[in-house]
Undergrad: 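Supplied in structure tokens, the structure appears directly below.
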Amino acid sequence: MSIRTHADVPHRRYNPLTGEWLLVSPQRARRPWLGAREKAPQADQPHYDPKCYLCPGNTRVNGDVNPPYSGIFVFDNDFPAMLSGAAAAHGVEETSSDLLRATAESGVCRVICFSPRHDLTLAQLNAGEIRAVVDTWASQCEELGARDDISYVQLFENRGEMMGSSNPHPHGQLWANQHVPTEPAKEQQHQLAYLAGDDSAPISNLQSPVSPAGQGPLLLDYLAVEQREGERMVFENDHFVCLVPFWAVWPFEVLLLPKAHIVRIVDMTPAQRDGLADALKRIATRYDNLFEISFPYSMGVHQAPYDGWPHEEWQLHLHFYPPLLRSATVKKFMVGYEMLGQPQRDLTAEQAAERLRGLSEVRFA
Ligand code: H2U
Ligand code: ZN
């Protein structure tokens with residue numbers, strides 16, 4: 001099936017990972033823009049900022065002093081969204097109705113500094129330095145995943161003021177908790193139903209197409225389709241592919257997919273970790289080159305829960321959700337129809353992939 005005939009016609013696309021639909025309106029791509037024009041969030045940063053709470057040797061908000069670290073530095077978030085241990089078990093009371101449901105949630109929140117250098121981003125770290133980030137992600141999951149009170153580890157990075165990141169110092173976070181969060185839970189449900197070929201599974205959207213009996217895990221079958229079609233591919237290396245998913249919602253959203261079946265980040269071989277580091281650097285560099293700025297995004301790793309089950313249905317992957325639409329200052333707003341109806345985009349996934357494919361992998365100076 002080809003969607004080329006849809007290039008100029010409004011249509012909807014299905015996200016088989018979440019069971020959600022989005023609206024694509026390519027015919028609107030040339031409408032005039034009279035909305036907000038923000039100033040580009042550009043400022044040269046120093047190598048070391050004495051006021052930064054992530055730089056080596058500096059004092060954090062709670063009074064702790066960072067060590068004079070030279071590689072990666074991980075610390076417990078001083079303002080964690082969850083508590084663990086005895087503190088987490090108390091205080092959530094039973095409610096008087098099934099319509100008022102609440103349960104206790106325990107977890108751990110950590111901050112991961114990618115580099116001691118205040119002024120660098122993932123795009124500017126070298127392959128070895130990014131590999132160290134991947135290794136840290138894996139060792140954190142190894143440690144936290146072994147705990148009885150943790151079943152999911154969400155690794156992510158908010159990059160840039162536009163995405164609400166509080167500090168330009170290169171850093172990501174992890175939130176690890178007792179219950180699988182909503183997004184990976186949806187993906188799990190759909191990957192499981194696909195692998196089982198189960199069209200009676202309780203899929204969230206009643207209009208979902210019937211899941212065909214899969215040959216393999218959903219995302220491996222999907223990768224084979226994309227490799228055949230080619231038009232949404234951005235680049236690949238021996239172990240990973242970068243593509244704009246058919247169902248992308250954000251203008252320049254991409255998916256990093258392993259070529260082999262990898263359930264969790266802790267299962268990755270050294271060569272696959274190098275492959276992921278290479279893919280991270282290349283997409284971050286292409287993004288920066290798109291509008292010649294340090295490109296904002298939220299990105300993160302989705303993987304199987306650490307709940308003691310094999311989860312063969314899962315395929316590890318990374319999502320990049322960048323907010324920018326057509327310049328360093330014009331972002332896509334998820335408002336109005338998106339909030340109340342469903343996500344909508346003008347630029348097609350194929351057009352976005354073509355733009356990203358055409359960009360250099362040498363960062364603009
Ligand atoms: P973001 O830039 O993605 O918001 O991440 C910064 C995190 O760092 C944020 O979660 C934490 C904030 O709670 N933080 C500390 O743990 N200690 C500090 O001294 C400042 C910020
Ligand atoms: Zn800093």
Side-chain angles (χ1 to χ4, degrees), residues 38 40-85 87-88 105-126 129-130 132-134 136-137 140-141 143-144 150 152-178 181-184 250 253 280 283-284 287-288 293-302 318-324 331 334:
E38 301 145 74
Q42 287 297 285
D44 277 345
Q45 299 292 340
H47 288 200
Y48 165 79
D49 178 351
K51 290 205 280 297
C52 168
Y53 54 76
L54 301 179
C55 275
N58 288 1
T59 304
R60 297 207 303 277
V61 176
N62 71 346
D64 284 3
V65 178
N66 296 331
Y69 67 97
S70 57
I72 305 250
F73 171 50
V74 182
F75 63 93
D76 284 325
N77 198 311
D78 301 317
F79 307 95
M82 292 167 288
L83 301 172
S84 64
E105 180 67 282
S106 67
V108 171
C109 299
R110 290 182 179 160
V111 179
I112 304 171
C113 299
F114 296 159
S115 163
R117 282 273 299 268
H118 184 78
D119 58 325
L120 300 182
T121 63
L122 267 191
Q124 294 157 301
L125 299 181
N126 66 40
E129 290 165 331
I130 303 176
V133 173
V134 174
T136 302
W137 283 346
Q140 289 290 317
C141 289
E143 174 204 327
L144 294 165
I150 284 172
Y152 200 80
V153 185
Q154 184 58 58
L155 302 159
F156 65 98
E157 179 191 10
N158 283 327
R159 162 99 218 121
E161 260 172 76
M162 202 178 267
M163 292 310 287
S165 177
S166 57
N167 188 327
H169 195 112
H171 69 283
Q173 298 192 45
L174 73 79
W175 293 22
N177 56 323
Q178 191 183 353
T182 307
E183 291 301 320
W250 293 94
E253 175 177 339
L280 286 167
I283 186 56
Y287 272 160
D288 282 0
I293 52 158
S294 190
F295 199 74
Y297 56 74
S298 277
M299 69 90 131
V301 178
H302 275 157
L318 288 86
H319 295 281
F320 275 81
Y321 299 132
L324 289 176
K331 71 182 171 205
M334 287 286 191

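Predicted model, so just to flag it, every value in this text is computed and none were measured. Order of listing sets the numbers, starting from 1, for every ligand and every atom in it.
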Undergrad: Among protein heavy atoms, which sits nearest to atom 21 (C) of ligand 1, and what does the distance come to when rounded to 0.1 Å?
TA: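 For this ligand atom, the closest protein heavy atom is Y53 CE1, 3.2 Å.
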Undergrad: Identify, for atom 3 (O) of ligand 1, the protein heavy atom at the shortest distance, and state residue, atom and that distance.
TA: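 Answer for atom 3 (O) of ligand 1: Q173 NE2, 2.9 Å.
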Undergrad: State whether the shortest distance between N or O atoms of H171 and N or O atoms of ligand 1 falls below 3.5 angstrom.
TA: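 Yes; the residue has a nitrogen or oxygen that sits under 3.5 Å from a nitrogen or oxygen of the ligand.
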Undergrad: Closer than 3.5 angstrom, by distance alone: can the side chain of Q154 be matched with the main-chain N or O of W175 as a donor-acceptor pair?
TA: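 Between the backbone of W175 and the side chain of Q154 there is no qualifying donor-acceptor contact (under 3.5 Å).
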Undergrad: Regarding ligand 1, does D78 bring an N or O atom to under 3.5 Å of one of the ligand's N or O atoms?
TA: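 Yes, at least one N or O pair falls under 3.5 Å.
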Undergrad: Check for a donor-acceptor pair, side chain of N66 on one end and backbone N or O of C55 on the other, with a separation under 3.5 Å.
TA: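 Yes, N66 side chain to C55 backbone: donor-acceptor pair under 3.5 Å.
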Undergrad: Step by step, work out the ring-ring contact (aromatic ring centres under 6.0 Å, His included) result for Y297 and F295.
TA: CA-CA 7 Å; Y297 56 74; F295 199 74; 7.3 Å; no
Undergrad: Please state which protein non-hydrogen atom is closest to atom 8 (O) of ligand 1 and give its distance, to 0.1 Å?
TA: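 Among all protein heavy atoms, the one nearest atom 8 (O) of ligand 1 is V111 CG2, 3.6 Å.
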Undergrad: What's the shortest distance from atom 4 (O) of ligand 1 to any protein heavy atom, and which residue and atom give it?
TA: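 Closest protein heavy atom to atom 4 (O) of ligand 1: S166 OG, 3.5 Å.
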Undergrad: So which N/O/S atom does H118 have closest to the Zn ion (ligand 2)?
TA: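 That would be atom ND1.
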Undergrad: Under 3.5 Å between any N/O of V61 and any N/O of ligand 1: does that happen in this structure?
TA: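 Yes, there is a polar N/O contact under 3.5 Å.
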Undergrad: Under 4.0 Å, heavy atoms only, figure out whether ligand 1 is touched by the backbone of N77, its side chain, both or neither.
TA: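 Under 4.0 Å from ligand 1, N77 contributes backbone and side-chain atoms.
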Undergrad: Of all the N, O or S atoms in H169, which has the shortest distance to the Zn ion (ligand 2)?
TA: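 Relative to the Zn ion (ligand 2), the closest nitrogen, oxygen or sulfur of H169 carries the name ND1.
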Undergrad: Among Q45, H118, R117, exactly one meets side-chain hydrogen bond (donor to acceptor under 3.5 Å, both in side chains) together with H169. Which residue is that?
TA: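 Exactly one candidate clears the test, H118.
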Undergrad: Taking the side chain as every heavy atom from C-beta outward, state whether C109 and Q173 have any pair of such atoms under 4.5 Å apart.
TA: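 Not touching, per the 4.5 Å side-chain cut-off.
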Undergrad: Any non-hydrogen atom of E157 lying under 4.0 Å from ligand 1?
TA: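 Not so, E157 does not reach ligand 1.
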Undergrad: Between E143 (side chain) and Q140 (backbone), is there a donor-acceptor pair under 3.5 Å?
TA: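 Looks like no, no N/O pair under 3.5 Å.
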Undergrad: Check whether any side-chain heavy atom of Y53 lies under 4.5 Å from a side-chain heavy atom of N58, and answer yes or no.
TA: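 Result no, sub-4.5 Å side-chain heavy-atom pair not found.
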